[in-house]
Engineer: 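Here it is, the structure, as structure tokens.
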Amino acid sequence: MENTANNMDKTYNPQGIERDIYDSWEKSGAFTAKRVEGKKPFTIVMPPPNITGQLHMGHAMDCLLQDSLARYHRMKGDPTLWLPGTDHASIATEVKVVEKLAAQGIDKKSISREEFLEHAWEWKEEYGGRITQQLRRLGASCDWSRERFTLDEDYYAAVREVFVRMYEKGLIYRGNRIVNWCSVCQTALSDAEVEHEEQASFLWHIRYPASDGGEGVVVATTRPETMLGDTGVAVNPEDKRYIHLHGKTVTLPLSGRNIPIVADSYVDISFGTGAVKMTPAHDPNDFEVAERTGLAILNVINPDGTMNDAAGTRYAGLSALDCRKLVVEDLQKLGLIIKIEPYTHQVGTCYRCHTTVDPLISLQWFVHMEPLAQPAIEAVRNNQTKFVPDRFSKVYFNWMENIRDWCISRQLWWGHRIPAWYCESCGEIIVSREAPDICPVCQSSRLKQDEDVLDTWFSSALWPFATLGWPENTDDLKYFYPTSTLVTGYDIIFFWVARMIFSGIEYMGEVPFDTVLIHGLVRDALGRKMSKSLGNGIDPLDIIEAYGADALRFSLCQGISPGADTRFSTERVESARNFANKVWNAARFVLMNLEGEESLEGKSLGLADKWILSRAMEAIKEIGEHFEQNEHGLAASKIYDFAWGEFCDWYIELAKADLFGEDIQRKQSVRAVLQFVLEALLKMLHPFMPFITEELYRYLPGREDESCMLSKWPIYVPSLHFAHDADQMQGVMDIIRAVRNLRAELKVQPGQKARLMLKAQGDWHSTLDESRQHFMRLASASSVELLDASEQIEGKIVSAVTSAAEILIPLGDLVDFKKEILRMQKEYDNLSGEIMRSQAKLNNDGFLNKAPESLVLAEKQKLEENMMMLNTMEQRLIEMKS
RNA sequence: GGUCUGUUGGCUCAGUUGGUAGAGCACAUCGUUCACAUCGAUGGGGUCACUGGUUCGAGUCCAGUACAGACCACCA
């Protein structure tokens with residue numbers, strides 16, 4: 001079907017065209033990034049969505065911000081790469097697969113590792129594909145030819161490379177340390193994976209009698225069951241109450257073991273009883289005290305959260321909570337519970353399943369963080385990477401500066417298996433890129449690979465360079481690294497952003513990105529987090545079905561500002577949908593009135609033409625600046641205001657008079673302006689609403705075979721910026737508005753032939769601007785005198801403009817003097833302030849010598865003008881006051 | 001306990017070097033002969049949380065107060 005305006009629908013119907021447009025983009029290879037030597041590329045790596053399920057609004061926001069940046073830069077002519085991919089999400093996916101298997105009656109324990117992984121890969125095929133399809137529906141212009149998955153074979157090679165290098169450098173070690181243990185997920189967790197929740201509980205005060213029969217000490221605890229693993233009691237060395245007990249022992253109730261009293265400054269004299277029970281196996285602080293004072297370590301909790309044999313036969317096998325009840329009961333019978341007081345405290349929970357984590361001693365792999373954190377802190381401090389908004393760099397510093405070693409091993413199957421082998425003959429640990437055949441120490445071939453996998457974030461930390469082919473030194477890697485902007489939510493600054501920064505510095509010698517653009521969460525209409533448990537999540541796909549991807553995209557960036565949360569509401573989407581329709585119809589109107597391609601060249605421009613061109617130039621300038629500053633919200637509202645409030649509301653209306661008129665020259669000029677501005681408008685809107693703009697672009701005369709996506713971003717042309725005329729136009733617009741007002745007030749009927757004549761009584765101000773002000777004032781006070789009915793104001797606003805020039809204005813009479821004087825007084829004050837500032841500037845040597853001459857001249861001119869204005873004002877004020 | 005952010009019309013939010021308060025939605029009145037009722041015109045509605053300070057001038061800068069929220073944290 002031929003693209004003509006006449007067969008365009010009256011309303012924009014996105015459902016029919018979005019898929020076709022996306023397919024045509026993808027088929028044309030337009031998304032594929034090309035390296036152009038000598039040109040600086042614009043690179044974004046997509047935060048890889050987890051393959052655990054569907055995209056949610058957060059992803060839609062992520063995607064929209066990145067896509068609009070990518071599209072903007074592509075149109076600017078930068079070689080643009082937006083690299084997509086998905087994350088295997090070790091623990092999260094494993095939990096899902098286990099659930100799925102359980103639903104089929106399959107217990108993970110009953111199948112082999114290989115069988116389980118087969119199921120997991122099936123899951124990946126199903127959900128990984130679904131997610132990339134959803135991204136396509138959103139219009140993501142990413143380079144699918146470079147798509148990556150964190151568990152790809154070559155990606156795993158990068159992971160092994162890093163692991164081996166770190167191990168050889170001493171940055172990775174294996175050790176028995178206290179870790180956060182989730183008894184449901186049955187794995188260790190890093191500190192970042194623990195969330196703190198407030199819990200109401202009790203503080204139990206328990207007496208530990210002295211071994212020599214003395215009173216002993218009273219300790220306070222929130223976890224009485226852990227006393228079974230106590231190996232000592234700590235007091236502060238300065239605490240006079242307990243000096244006599246140093247070196248003595250107390251008898252641990254219920255177990256009868258004698259445990260020492262040690263002195264350590266960790267203990268706070270003023271809190272509780274000043275004596276702290278030490279459970280080194282199940283409390284990180286106690287562990288540290290034990291290391292300093294040589295206390296024994298006694299593990300009493302099993303990995304599944306139950307008590308083990310070391311807890312004593314009476315308690316072994318009980319869950320921690322059941323054990324707690326029994327222990328308290330038993331102690332009460334012995335009269336050793338001194339006090340139970342209510343107490344709320346923060347408890348660590350697993351970020352996946354929200355089970356309370358048990359700190360316990362376990363043999364795990366760790367990353368030694370301090371040497372990595374230092375350069376990563378420096379890089380941000382030196383602005384090699386900038387956070388937008390800047391306040392997030394503080395959050396980053398705070399975390400990096402207090403960082404502890406990172407536990408990277410997970411007792412899971414789905415993930416990157418740790419490239420370490422143990423010799424079953426001599427116990428040697430072999431860390432290697434490939435599976436070794438024999439033990440280098442004892443030549444034995446009885447080698448067994450570590451069962452654990454790596455923390456999923458260990459591999460995501462390599463994303464910016466592993467996706468580009470590292471450790472091979474590929475052309476892509478050389479050209480596209482470091483990347484330009486990373487777009488993500490503030491919730492994964494620690495998990496991901498920080499770790500990418502130190503990894504990039506360590507392995508590439510350079511930070512992975514210039515800018516980190518942080519966006520907020522998308523909340524529901526009531527401001528709550530969208531979550532499955534609340535059931536308040538909204539599926540982006542449903543919104544796209546109902547309103548179109550463009551509407552969803554635009555609604556997500558209207559009124560957002562970096563780092564701030566935003567609320568999702570269908571009203572907003574509706575408003576965006578209406579906007580799309582408005583643009584559609586504006587284009588339809590313009591296209592219906594064009595006759596072939598028109599150029600601005602040699603056209604004589606009227607006031608309104610100059611005005612809209614000036615406004616377009618300003619929009620080009622502003623929107624470009626907003627994109628450079630990552631102010632998507634401001635860019636979006638600018639294009640909205642320009643398209644609707646200026647182009648549609650004013651210029652198209654004014655253009656009608658010429659389009660339907662007799663003057664051939666005017667007709668051609670207006671057509672040229674309409675076409676020029678419409679084209680610029682479509683381009684500027686394209687990063688936000690790619691589908692509708694692409695569709696409309698193909699209707700433009702002379703653009704039938706071109707693509708908006710691949711067109712050049714509009715150029716700011718200073719000679720098309722008619723500032724002075726634009727000011728005048730503003731005056732005309734105000735007059736038009738005032739005339740409309742008057743017409744309504746004076747009840748001039750539509751269609752009635754009439755002529756508005758207003759008679760002057762006092763001052764007649766010849767400049768349009770002043771007459772406008774007076775006119776407005778009078779209009780609102782309705783102090784005009786209608787001499788005659790006017791000519792066809794309705795529908796032909798332009799004729800009203802012409803007659804506006806004939807409107808004569810009476811000054812005085814009905815103006816509210818009191819208000820007027822106040823207003824003028826304020827204006828007068830402002831003006832004198834302005835003058836003082838100008839004078840100060842002009843007295844400043846720095847300004848006079850260093851600022852460009854034009855600026856100095858402008859300042860002088862401004863000062864002069866202001867002085868004159870001030871004088872007139874002064875006189876008028878005096879007159880009015882008298 | 002530490003850090004950060006917000007408080008602007010009925011609702012949701014903009015407001016980028018300090019210069020006479022904005023938008024969308026909602027509301028009221030009027031209007032469908034032709035781009036658009038997913039529309040147009042007009043209008044009402046805000047002492048910009050509070051108190052002080054800097055300034056000719058403060059929503060905007062500074063200090064404090066109140067309320068709301070977020071993040072971090074090894075006080076048993």
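Chain naming here is simple, since letters A, B, ... match the order of the sequence lines and numbering starts at 1 in each.
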Engineer: In whole Å, I'd like the distance from the CG atom of L526(A) to the P atom of A68(B).
Structural biologist: 18 Å
Engineer: Starting the side chain at C-beta, find the nucleotide from C39(B), A76(B), A14(B) nearest to H345(A).
Structural biologist: A76(B)
Engineer: Who are the side chain to side chain donor-acceptor pair (under 3.5 Å) partners of Q558(A), not counting sequence neighbours?
Structural biologist: none
Engineer: Identify, between R391(A) and D565(A), the residue whose nearest nucleotide on RNA chain B lies closer to the 5' end.
Structural biologist: R391(A)
Engineer: Checking contacts here: which listed nucleotide (A35(B), C74(B), G15(B)) is nearest the side-chain heavy atoms of N285(A)?
Structural biologist: C74(B)
Engineer: Go through residues 490-499 of chain A and report each residue with a non-hydrogen atom lying under 4.0 Å from RNA chain B, sorted by number.
Structural biologist: F494(A)
Engineer: Can you name the salt bridge (Lys or Arg N to Asp or Glu O under 4.0 Å) partners of R292(A), sequence neighbours left out?
Structural biologist: D264(A)
Engineer: Among G24(B), U16(B), U38(B), find the nucleotide with the atom closest to the side chain of L634(A).
Structural biologist: U16(B)
Engineer: Consider the side chain of K277(A), meaning its heavy atoms from C-beta on, and name the nucleotide among A76(B), G15(B), A73(B) that approaches it most closely.
Structural biologist: A76(B)
Engineer: May I ask you to evaluate whether K638(A) reaches the phosphate of A14(B), defined as a side-chain N or O under 4.0 Å from OP1 or OP2?
Structural biologist: no
Engineer: Output every pair passing salt bridge (Lys or Arg N to Asp or Glu O under 4.0 Å) with a member in residues 269-286 of chain A, not counting sequence neighbours, ordered by first then second residue.
Structural biologist: D230(A)-K277(A)
Engineer: Taking the six-membered ring for Trp and the single ring otherwise, decide whether the centroids of Y351(A) and F495(A) are under 6.0 Å apart.
Structural biologist: yes
Engineer: For RNA chain B, find the residues of residues 543-560 of chain A with a heavy-atom distance under 4.0 Å and give them by number; none if there aren't any.
Structural biologist: G559(A)
Engineer: Classify the side chain of K394(A) and the base of C4(B) as holding, or not holding, a donor-acceptor pair under 3.5 Å.
Structural biologist: no
Engineer: At under 4.0 Å, does any side-chain N or O of W644(A) touch on OP1 or OP2 of A35(B)?
Structural biologist: no
Engineer: Taking only the side-chain heavy atoms of T11(A) (C-beta and beyond), determine which of C72(B), A73(B), U38(B) contains the nearest atom.
Structural biologist: U38(B)
Engineer: Between A35(B), A76(B), C72(B), spot the one nearest the side chain of T221(A), thanks.
Structural biologist: A76(B)
Engineer: Could you work out, with salt bridge (Lys or Arg N to Asp or Glu O under 4.0 Å) as the rule, every residue matching K582(A), not counting sequence neighbours?
Structural biologist: none
Engineer: Given C36(B), U16(B), A76(B), which nucleotide is nearest the side-chain atoms of N585(A)?
Structural biologist: C36(B)
Engineer: For the side chain of Q346(A) and the base of A73(B), is some donor closer than 3.5 Å to an acceptor across the two?
Structural biologist: yes
Engineer: Any chance you could encode RNA chain B as dot-bracket? Rule is Watson-Crick or G-U wobble with both distances under 3.5 Å; [ ] for pairs crossing earlier ones, | for another strand.
Structural biologist: (((((((..((((.....[..)))).(((((.......))))).....(((((..]....))))))))))))....
Engineer: E238(A): which residues meet the salt bridge (Lys or Arg N to Asp or Glu O under 4.0 Å) condition with it, sequence neighbours left out?
Structural biologist: none
Engineer: Compare the minimum distances between each of U38(B), C74(B), A35(B) and the side chain of N578(A), then state the nucleotide with the smallest one.
Structural biologist: U38(B)
Engineer: Does the A35(B) base have a donor-acceptor partner in the side chain of E653(A) within less than 3.5 Å?
Structural biologist: yes
Engineer: With sequence neighbours excluded, tell me which residues meet salt bridge (Lys or Arg N to Asp or Glu O under 4.0 Å) with D191(A).
Structural biologist: R404(A)
Engineer: Which nucleotide, A73(B), G15(B), A76(B), lies nearest any side-chain atom of W399(A)?
Structural biologist: A73(B)
Engineer: Are R499(A) and W406(A) in a cation-pi setup, meaning NZ or CZ lies under 6.0 angstrom from the ring centre and within 45 degrees of the ring axis?
Structural biologist: yes
Engineer: Taking only distance into account, with no hydrogens and no angle test, what donor-acceptor pairs under 3.5 Å do side-chain atoms of residues 623-631 of chain A form with protein atoms, sequence neighbours excluded?
Structural biologist:
residue: E628(A); atom: OE2; partner: Y72(A); partner atom: OH; Å: 2.8

Engineer: Of the candidate nucleotides G40(B), A35(B), G15(B), which contains the atom at the shortest distance from the side chain of S561(A)?
Structural biologist: G15(B)
Engineer: Is there a donor on the side chain of R567(A) or the base of U12(B) sitting less than 3.5 Å from an acceptor on the other?
Structural biologist: no
Engineer: Enumerate the residue pairs fulfilling side-chain hydrogen bond (donor to acceptor under 3.5 Å, both in side chains) with a member in residues 515-526 of chain A, sequence neighbours excluded, ordered by first and then second residue.
Structural biologist: D62(A)-H519(A), R523(A)-D565(A), D524(A)-R528(A), D524(A)-N536(A)
Engineer: For A76(B) and Y343(A) - does any side-chain N or O of the residue sit under 4.0 Å from the phosphate oxygens OP1/OP2?
Structural biologist: yes
Engineer: Of C648(A) and S637(A), whose nearest nucleotide on RNA chain B comes first from the 5' end?
Structural biologist: S637(A)
Engineer: Not counting sequence neighbours, which residues clear side chain to side chain contact (heavy atoms under 4.5 Å, CB included) with S393(A)? List them please.
Structural biologist: V380(A), F387(A), D390(A), F397(A)
Engineer: Kindly indicate, with the supporting measurements, whether the criterion side-chain contact (heavy atoms from CB on, under 4.5 Å) is fulfilled by I340(A) and H205(A).
Structural biologist: CA-CA 6 Å; I340(A) 302 175; H205(A) 294 247; over 6 Å; no
Engineer: Side-chain contact, heavy-atom cut-off 4.5 Å: V233(A) with V262(A)?
Structural biologist: no
